[in-house]
**Student:** 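Please find one structure pasted underneath; my questions will follow.
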Number of protein chains: 2
Amino acid sequence: METTGFERHDHGACIRDGVSAVDARCRELGLQFTPVRRRVLELLLEGHRALGAYDILDRLREEGLGSQPPVAYRALDFLVKHGFAHKIERLNAFVACACPGESHMPAFLICRQCDKVAEAEADMRDGRLGESAAAVGFRIERAVVEAEGLCPSCQGAAA
Amino acid sequence: METTGFERHDHGACIRDGVSAVDARCRELGLQFTPVRRRVLELLLEGHRALGAYDILDRLREEGLGSQPPVAYRALDFLVKHGFAHKIERLNAFVACACPGESHMPAFLICRQCDKVAEAEADMRDGRLGESAAAVGFRIERAVVEAEGLCPSCQGAAA
DNA sequence: TCGTGAATTGTGATAATATAACAGAGGGCG
DNA sequence: CGCCCTCTGTTATATTATCACAATTCACGA
């Protein structure tokens with residue numbers, strides 16, 4: 001289990017790699033990685049932050065890539081459906097996936113101060129929740145796991 | 001760790017006990033358990049299902065207890081704030097708390113077929129997510145844990 | 001008991017998030 | 001070319017949630 005997002009890293013590479021990984025994956029799967037979809041992914045990769053659909057729509061509008069909600073929602077649906085982005089239910093917002101292509105049950109660490117979001121792997125079917133689900137005979141298919149708190153640098157800033 | 005909601009149980013008692021537990025707790029804490037708040041809690045306890053704010057508002061309207069959204073939202077905010085109910089982010093809906101009064105980090109098992117919701121205890125600060133959060137120095141304060149899948153009886157029905 | 005301030009409720013308006021429906025554009029392929 | 005399929009553009013609308021402010025009710029001490 002690993003996390004990304006709070007450590008410092010080469011963020012330019014982070015965007016480039018994210019986009020090209022998705023690009024490759026789309027080629028593999030025969031999916032169309034259109035300009036709107038690509039741009040939305042770039043926007044999501046820009047900060048390790050969750051962006052609302054309307055934030056994204058505003059950016060698209062500025063750039064002449066579309067002006068109505070369905071444009072943004074369709075691109076986001078595409079990205080989410082294929083695992084290139086995730087929806088953060090707690091925030092009604094979206095983040096780029098930290099490891100596109102790998103199938104996983106993501107969990108998120110959301111800083112309430114700076115709004116950064118890190119992605120971790122946490123398959124709930126193992127572990128204690130999985131046990132208690134199994135105990136009552138519930139079969140877990142998907143899970144939303146969103147932890148909220150303070151990231152390391154905001155803890156430092158508070159002190 | 002225990003769950004409730006999928007086992008069969010005396011549901012009449014379930015509502016009565018839920019309401020009176022909250023009633024007692026409000027008395028303890030000097031909170032006003034007003035008619036609207038009581039009624040909303042009863043509605044939430046009726047099925048072990050998540051109800052949307054507007055579903056609740058419709059019921060309140062029928063009963064002459066209020067007709068505008070803030071009436072429902074304020075009652076729900078009260079119940080959630082004091083731990084008598086929880087919001088299911090995945091569904092934008094609300095459920096009564098299975099063990100009001102006890103402070104806890106609830107997790108939910110949501111059946112995608114029958115919409116029933118069971119509550120389990122799952123403190124994310126322990127376990128593997130907690131470890132990986134600790135590893136990057138993230139301090140978890142709250143967590144949304146919502147597992148979706150099939151409850152025992154819906155698995156049976158599917159077969 | 002009464003006054004006072006705080007909490008609660010009533011109501012209209014509006015914000016924020018999300019989807020439906022259908023027409024048009026474009027590309028691959030017979 | 002003509003057909004089909006996917007993607008895009010656009011209007012309209014649905015769903016979820018909050019703001020603002022007036023009216024009322026309630027708790028509590030004088």
Side-chain angles (χ1 to χ4, degrees), chain A residues 22-23 25-41 43-44 49-82 84-95 115 144 146, chain B residues 22-23 25-41 43-44 49-82 84-95 115 144 146:
Chain A
V22 170
D23 198 20
R25 193 90 182 102
C26 284
R27 238 179 281 277
E28 263 179 60
L29 300 175
L31 302 171
Q32 299 185 43
F33 196 35
T34 64
V36 184
R37 292 168 178 180
R38 173 184 297 264
R39 190 65 191 121
V40 170
L41 180 64
L43 292 171
L44 291 179
R49 281 181 173 75
L51 287 180
Y54 282 76
D55 298 333
I56 287 171
L57 182 57
D58 289 344
R59 298 288 303 270
L60 293 180
R61 197 161 6 221
E62 286 167 14
E63 300 171 12
L65 276 171
S67 62
Q68 300 302 321
V71 173
Y73 279 102
R74 284 194 288 234
L76 288 166
D77 287 348
F78 170 86
L79 295 171
V80 169
K81 177 176 170 191
H82 297 289
F84 305 143
H86 302 291
K87 181 170 187 184
I88 306 294
E89 299 289 346
R90 179 81 178 73
L91 305 175
N92 294 317
F94 300 82
V95 284
D115 284 333
V144 171
E146 299 170 357
Chain B
V22 170
D23 197 20
R25 193 92 182 101
C26 283
R27 237 180 281 276
E28 263 178 60
L29 299 174
L31 302 171
Q32 299 183 44
F33 195 35
T34 65
V36 183
R37 291 169 177 177
R38 173 183 296 264
R39 189 67 190 119
V40 170
L41 180 65
L43 292 171
L44 291 179
R49 283 181 171 73
L51 287 180
Y54 281 76
D55 298 333
I56 287 171
L57 182 57
D58 288 344
R59 299 286 305 268
L60 292 179
R61 199 163 3 222
E62 287 167 14
E63 301 171 12
L65 275 170
S67 62
Q68 301 301 321
V71 173
Y73 280 101
R74 283 194 287 234
L76 289 166
D77 287 348
F78 170 86
L79 295 172
V80 169
K81 178 174 170 191
H82 297 290
F84 305 143
H86 303 290
K87 180 171 188 183
I88 307 294
E89 299 289 347
R90 179 79 180 73
L91 305 176
N92 294 316
F94 301 82
V95 284
D115 285 332
V144 171
E146 300 170 357

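Chain naming here is simple, since letters A, B, ... match the order of the sequence lines and numbering starts at 1 in each. Note that this is a predicted model, so its numbers are computed, not measured.
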**Student:** Check side-chain contact (heavy atoms from CB on, under 4.5 Å) between A/Ala50 and all other residues, then give those that pass, not counting sequence neighbours.
**Tutor:**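 Partners of A/Ala50 by the side-chain contact (heavy atoms from CB on, under 4.5 Å) criterion, ordered by chain and then number, come out as A/Ile88, A/Leu91, A/Ala93, A/Val95, A/Val117.
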**Student:** Can you find a pair of side-chain heavy atoms, one from A/Leu65 and one from A/Val40, that are under 4.5 Å apart?
**Tutor:**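 Sidechains of A/Val40 and A/Leu65: no contact.
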**Student:** Calculate the interatomic distance between B/Asp58 atom CG and D/dT15 atom P; express it in whole Å.
**Tutor:**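 Value for this atom pair: 11 Å.
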**Student:** From CZ of A/Arg90 over to C1' of D/dT16, roughly how many Å is that when rounded to an integer?
**Tutor:** 15 Å
**Student:** Once salt bridge (charged side-chain N to carboxylate O under 4.0 Å, His left out) is applied, do any residues pair with B/Glu28, and if so which ones, sequence neighbours excluded?
**Tutor:** B/Arg25
**Student:** Can you check nucleotides 3-6 of chain D for protein contacts, nitrogen or oxygen pairs under 3.5 Å, and list what you find?
**Tutor:**
from: D/dT6; atom 1: O3'; to: A/Gln32; atom 2: NE2; distance (Å): 3.4

**Student:** Starting at CD of A/Gln68 and ending at C1' of D/dT13, how long is that distance when rounded to a whole Å?
**Tutor:** 13 Å
**Student:** Rounded to the nearest Å, what distance is computed from the CG atom of residue B/Leu31 to the P atom of nucleotide D/dA27?
**Tutor:**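 Answer to the nearest Å: 12 Å.
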**Student:** Please name all residues satisfying side chain to side chain donor-acceptor pair (under 3.5 Å) with B/Gln68, sequence neighbours left out, ordered by chain then number.
**Tutor:**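 By the side chain to side chain donor-acceptor pair (under 3.5 Å) rule, B/Gln68 matches no residue at all.
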**Student:** Listed by chain and number, what are the salt bridge (charged side-chain N to carboxylate O under 4.0 Å, His left out) partners of B/Arg38, not counting sequence neighbours?
**Tutor:** B/Asp23
**Student:** How many Å lie between CG on B/Leu60 and C1' on C/dT9, as a whole number?
**Tutor:** 12 Å
**Student:** Could you pull out all residues at least two apart from A/Tyr73 that satisfy ring-ring contact (aromatic ring centres under 6.0 Å, His included)?
**Tutor:** none
**Student:** Return the nearest nucleotide to the side chain of A/Thr34; candidates are D/dT10, C/dT8, D/dC7.
**Tutor:** D/dC7
**Student:** Who are the side-chain contact (heavy atoms from CB on, under 4.5 Å) partners of A/Arg37, not counting sequence neighbours?
**Tutor:** A/Gln32, A/Phe33, A/Thr34, A/Ala75, A/Phe78
**Student:** So, using salt bridge (charged side-chain N to carboxylate O under 4.0 Å, His left out) as the criterion, who are the partners of B/Arg49 when residues are at least two apart?
**Tutor:**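 Partners of B/Arg49 under the salt bridge (charged side-chain N to carboxylate O under 4.0 Å, His left out) test: none.
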**Student:** Nearest 0.5 angstrom please: B/Arg39 CZ to B/Leu44 CG, how far?
**Tutor:** 10.5 Å
**Student:** How many Å lie between CG on B/Leu51 and P on D/dT16, as a whole number?
**Tutor:** 12 Å
**Student:** Using the side-chain heavy atoms of B/Pro70, tell me which of these nucleotides is nearest: C/dT19, C/dT9, D/dT18.
**Tutor:** D/dT18
**Student:** Whole angstroms only, please: what is the CG-P distance between B/Asp77 and C/dA7?
**Tutor:**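 Distance, rounded to whole Å: 16 Å.
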**Student:** List, one per line, each side-chain donor-acceptor pair under 3.5 Å for residues 51-60 of chain A, sequence neighbours excluded.
**Tutor:**
from: A/Asp55; atom 1: OD2; to: A/Gly52; atom 2: N; distance (Å): 3.1
from: A/Asp58; atom 1: OD1; to: A/Arg61; atom 2: NH2; distance (Å): 3.3
from: A/Arg59; atom 1: NH1; to: A/Glu46; atom 2: OE1; distance (Å): 3.4

**Student:** Could you list the protein-to-nucleotides 14-18 of chain C atom pairs, N/O on both sides, closer than 3.5 Å?
**Tutor:**
from: C/dA18; atom 1: OP1; to: A/Lys87; atom 2: NZ; distance (Å): 2.5
from: C/dA18; atom 1: OP2; to: A/Tyr73; atom 2: OH; distance (Å): 3.0
from: C/dA18; atom 1: O5'; to: A/Tyr73; atom 2: OH; distance (Å): 3.3
from: C/dA18; atom 1: N7; to: A/Tyr54; atom 2: OH; distance (Å): 2.6
from: C/dA18; atom 1: N6; to: A/Tyr54; atom 2: OH; distance (Å): 3.4

**Student:** Go along nucleotides 23-30 of chain C 5' to 3' and tag each nucleotide: B for a protein heavy atom under 4.0 Å from its base, S when only backbone or sugar atoms are that close, - otherwise.
**Tutor:** --------
**Student:** Which residue pairs pass the salt bridge (Lys or Arg N to Asp or Glu O under 4.0 Å) test when at least one of the two sits in residues 84-95 of chain A, sequence neighbours left out?
**Tutor:**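 Non-adjacent pairs meeting salt bridge (Lys or Arg N to Asp or Glu O under 4.0 Å): A/Arg90-A/Glu148.
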